[in-house]
A.B. asks: 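What follows is a single structure, and I will ask about it in a moment.
Remember, it's a predicted structure, so these values are computed and weren't measured experimentally. Throughout, numbering of the chain's residues begins at 1 and tracks the sequence. What's counted below: heavy atoms across the whole structure, side chains too, no hydrogens, waters or symmetry copies.
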Amino acid sequence: MPEPFQYGGQAVIEGVMMRGPKEMAVAVRKQAGDIVIDTKPINSLAQKYPFLKWPLLRGVLALFEAMVIGVKVLTYSANMAFDEEEETLSGREIAFTVFLAVGLAVLLFVIIPAAAAFFLKAYVNTFWQNILEGVLRIAIFLGYVLAIGRMSDVQRVFQYHGAEHKVIHAYEAGEKLTVDNARKYTTLHPRCGTSFMLFVLVLTIFLFSFLHTPDILSRIASRLLLLPVVAGLGYEFIKWSGKYACRSWVKAIIAPGLWLQKLTTREPDDSQLEVAICALEAVLARDSTC
């Protein structure tokens, strides 16, 4: 018997996207107060190429598709939230946006830490260079999260992030999807992308600490080549931790990721919970008819 699908999503501008196995739904609160919902099928490459469902490969694919979907739903939510005429991005525009996002991530979390660690070679051995590189990578990530978390618009998104988690908790507990039921749950969830990022960053410390690279170019290249492996392992860890999160020893392992989510989630109000419920109900209804 196949495992039950693990529903999840992401916060968008004044709304929430929920994703099912074949469909996704975006619910956005407009300035007038009404909620608009858009549902679309998910055309995953794994449906056409089943080998992409294999462990590790499915994590790389999920990360890539999440970035593409994220660009689309953020554009849609911005248009709806501010009552602008709906715009759709072309394939070239989406590719360019994803390319920029990946490029920025590579600069911040690969090139800068790797270069900084390389220039410490006169003071520490290779092992400690790699350790300090990983620590710097985590520090950059924490600094980035803290910096954007001070922006009022981002704080609103973080509230919707918390609403998404609370509603998913209520659904997984088998409760009726109501604001009262969702309100009592925590804004922290073991399958959150924030936890995924922390695990990936910590994993790079362990993997890269065994590498010996004689020059800065090979150092950066080795990190880039291992990124798909790290992403794949991170995805498998998140799926596994979500499945066994109730076990005490698993709770200890995932605790740092949950603590970090306190920076990327905020307590939502009832109207935000209502939006998240609308998104999940919409995708559940679509999945039930497929």
Side-chain angles (χ1 to χ4, degrees), residues 6-19 24-31 33-37 66-67 69-71 73-82 101 138-173 175 177-201 238 241-242 245 251 254-283:
Q6 295 177 329
Y7 285 86
Q10 72 173 73
V12 295
I13 298 172
E14 292 302 321
V16 172
M17 182 274 286
M18 291 290 188
R19 178 171 177 167
M24 70 174 183
V26 188
V28 179
R29 176 83 67 179
K30 301 187 72 172
Q31 289 183 328
D34 53 319
I35 300 173
V36 293
I37 302 172
M67 294 181 67
I69 290 174
V71 171
V73 297
L74 282 171
T75 302
Y76 171 81
S77 65
N79 293 331
M80 294 297 101
F82 301 116
I138 293 176
I140 291 174
F141 176 68
L142 292 176
Y144 172 78
V145 171
L146 287 170
I148 66 171
R150 298 176 64 88
M151 302 168 61
S152 59
D153 289 343
V154 174
Q155 290 178 11
R156 290 283 298 174
V157 174
F158 285 175
Q159 283 183 284
Y160 278 104
H161 190 190
E164 175 218 334
H165 287 180
K166 282 175 171 280
V167 171
I168 291 295
H169 275 304
Y171 170 75
E172 292 177 337
E175 295 203 53
L177 294 179
T178 66
V179 169
D180 288 339
N181 286 339
R183 191 189 300 121
K184 63 188 178 184
Y185 288 98
T186 177
T187 60
L188 315 180
H189 196 284
R191 294 199 315 276
C192 177
T194 305
S195 294
F196 167 81
M197 281 298 302
L198 180 62
F199 178 76
V200 164
L201 293 173
I238 289 297
S241 64
K251 288 181 180 179
I254 65 177
L258 296 177
W259 298 336
L260 186 59
Q261 288 178 44
K262 293 183 179 181
L263 299 179
T264 62
T265 63
R266 299 287 188 275
E267 195 67 31
D269 59 33
D270 288 354
S271 68
Q272 292 166 325
L273 288 172
E274 182 184 6
V275 172
I277 290 172
C278 287
L280 183 54
E281 286 181 335
V283 80

A.B. asks: At what distance, to the nearest 0.5 angstrom, does CD1 of Ile69 lie from CG of Leu74?
C.D. replies: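 Between Ile69 CD1 and Leu74 CG, I get 11.5 Å after rounding to 0.5 Å.
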A.B. asks: Is there a donor-acceptor pair under 3.5 Å between the side chain of His161 and the backbone N or O of Thr264?
C.D. replies: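 Side chain of His161 to backbone of Thr264, a donor-acceptor pair under 3.5 Å: yes, one is there.
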A.B. asks: Please determine whether the number of non-hydrogen atoms from other residues, nucleotides or ligands lying under 6.0 Å from atom CG of Asp34 exceeds 12.
C.D. replies: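 Result for CG/Asp34: enclosed.
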A.B. asks: May I ask you to check whether His169 and His165 place their ring centers less than 6.0 Å from one another?
C.D. replies: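 No, they do not, as the ring centres are separated by 6.0 Å or more.
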A.B. asks: Taking NZ, NE, NH1 and NH2 as the nitrogens, is one of them in Asp180 or Arg183 under 4.0 Å from a carboxylate oxygen of the other?
C.D. replies: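 Looking at Asp180 and Arg183, the cut-off is met.
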A.B. asks: Under the 3.5 angstrom rule, does the side chain of Thr75 hit a backbone N or O of Val71 as a donor-acceptor pair?
C.D. replies: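 Side chain of Thr75 to backbone of Val71: a pair is present.
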A.B. asks: Between Glu274 and Arg29, does any side-chain N to carboxylate O distance fall below 4.0 Å?
C.D. replies: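 Looking at Arg29 together with Glu274, the answer is yes, because their closest N to O distance falls below 4.0 Å.
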A.B. asks: Walk me through it: do Gln272 and Arg156 pass the test side-chain contact (heavy atoms from CB on, under 4.5 Å)?
C.D. replies: CA-CA 9 Å; Gln272 292 166 325; Arg156 290 283 298 174; 3.4 Å; yes
A.B. asks: Assess whether side-chain contact (heavy atoms from CB on, under 4.5 Å) is satisfied between Ile168 and Met18, documenting all intermediate values.
C.D. replies: CA-CA 9 Å; Ile168 291 295; Met18 291 290 188; 3.8 Å; yes
A.B. asks: Report yes or no: does Lys166 contribute a side-chain atom to a donor-acceptor pair with the main-chain N or O of Tyr185 at less than 3.5 Å?
C.D. replies: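 Flag set: sc Lys166 to bb Tyr185 pair under 3.5 Å.
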A.B. asks: Supply the atom-to-atom distance Phe158 CZ to Ile148 CD1, rounded to the nearest 0.5 angstrom.
C.D. replies: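 Here the rounded value is 4.5 Å.
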A.B. asks: Can you name the nearest heavy-atom pair linking Ala170 to Ala182, along with the distance?
C.D. replies: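 Scanning both residues completely, I find the closest heavy atoms to be CB-CA, 4.1 Å.
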A.B. asks: May I ask you to check whether over 12 heavy atoms, not counting those of Lys262, lie within 6.0 Å of atom NZ?
C.D. replies: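 No, the 6.0 Å shell around NZ holds no more than 12 heavy atoms from other groups.
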A.B. asks: Is there a side-chain contact between Lys30 and Val36 in this structure, where contact means two heavy atoms from C-beta onward sitting under 4.5 Å apart?
C.D. replies: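 Sidechains of Val36 and Lys30: in contact.
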A.B. asks: Dump the intermediate steps for side-chain contact (heavy atoms from CB on, under 4.5 Å) on Arg19 and Val283, then the final yes or no.
C.D. replies: CA-CA 7 Å; Arg19 178 171 177 167; Val283 80; 5.9 Å; no
A.B. asks: Please find the pair of heavy atoms, one from Val275 and one from Gly15, that lie closest to each other, and give the distance.
C.D. replies: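 Answer, listing the atom of Val275 first, then Gly15: CG1-CA, 3.8 Å.
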A.B. asks: Roughly how far apart are Leu142 CG and Leu260 CG, rounded to 0.5 Å?
C.D. replies: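 Rounded to the nearest 0.5 Å, the CG-CG separation comes to 6.0 Å.
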A.B. asks: Rounded to the nearest 0.5 Å, how far does CG of Leu198 lie from CD1 of Ile138?
C.D. replies: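 Reported to 0.5 Å precision, the distance equals 6.0 Å.
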A.B. asks: So, do Ile277 and Val179 sit near enough that their side-chain heavy atoms are less than 4.5 Å apart?
C.D. replies: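 Yes, their side chains come closer than 4.5 Å.
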A.B. asks: Would a distance-only check, ignoring hydrogens and angles, find a side-chain to backbone donor-acceptor pair under 3.5 Å from Glu164 to Ala276?
C.D. replies: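 It does not hold such a pair.
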A.B. asks: Just by distance, no angles: are the side chains of Glu281 and Tyr171 close enough, under 3.5 Å, to form a donor-acceptor pair?
C.D. replies: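 Absent: no donor and acceptor within the cut-off.
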A.B. asks: Do Glu14 side-chain atoms and Val28 backbone N/O form a donor-acceptor pair below 3.5 Å?
C.D. replies: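 Side chain of Glu14 to backbone of Val28: no pair is present.
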A.B. asks: Minimum heavy-atom separation for Leu258 and Pro190, please, with both atom names.
C.D. replies: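 Closest heavy-atom pair between Leu258 and Pro190: CD2-N, 3.9 Å.
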A.B. asks: Are any side-chain N or O atoms of Thr265 and backbone N or O atoms of Gly162, one a donor and one an acceptor, separated by less than 3.5 Å?
C.D. replies: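 No, Thr265 side chain to Gly162 backbone: no donor-acceptor pair under 3.5 Å.
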A.B. asks: Which pair of non-hydrogen atoms, one from Ala25 and one from Ala282, has the smallest distance, and what is that distance?
C.D. replies: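 Closest heavy-atom pair between Ala25 and Ala282: CB-CB, 3.7 Å.
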A.B. asks: Can you tell if the side chain of Met24 reaches within under 4.5 Å of the side chain of Val73, non-hydrogen atoms only?
C.D. replies: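 Side-chain contact under 4.5 Å: yes.
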A.B. asks: How long is the span from the CG atom in Leu273 to the OH atom in Tyr160, to the nearest 0.5 Å?
C.D. replies: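 One gets 10.0 Å once the value is rounded to the nearest 0.5 Å.
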A.B. asks: Less than 3.5 Å apart, any donor N or O on the side chain of Thr187 or Gln261 sitting next to an acceptor on the other?
C.D. replies: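 No.
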A.B. asks: Take Leu177 and Leu280 through the side-chain contact (heavy atoms from CB on, under 4.5 Å) test and state the conclusion after the steps.
C.D. replies: CA-CA 9 Å; Leu177 294 179; Leu280 183 54; 3.9 Å; yes
A.B. asks: Between the side chain of Gln159 and the main-chain N/O of Glu267, is any donor-acceptor distance below 3.5 Å?
C.D. replies: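 Looks like yes, one N/O pair under 3.5 Å.
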A.B. asks: So if I apply the side-chain contact (heavy atoms from CB on, under 4.5 Å) rule between Ser195 and each of Ile254, Val200, Ile238, which one comes out positive?
C.D. replies: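 Option passing the side-chain contact (heavy atoms from CB on, under 4.5 Å) with Ser195: Ile238.
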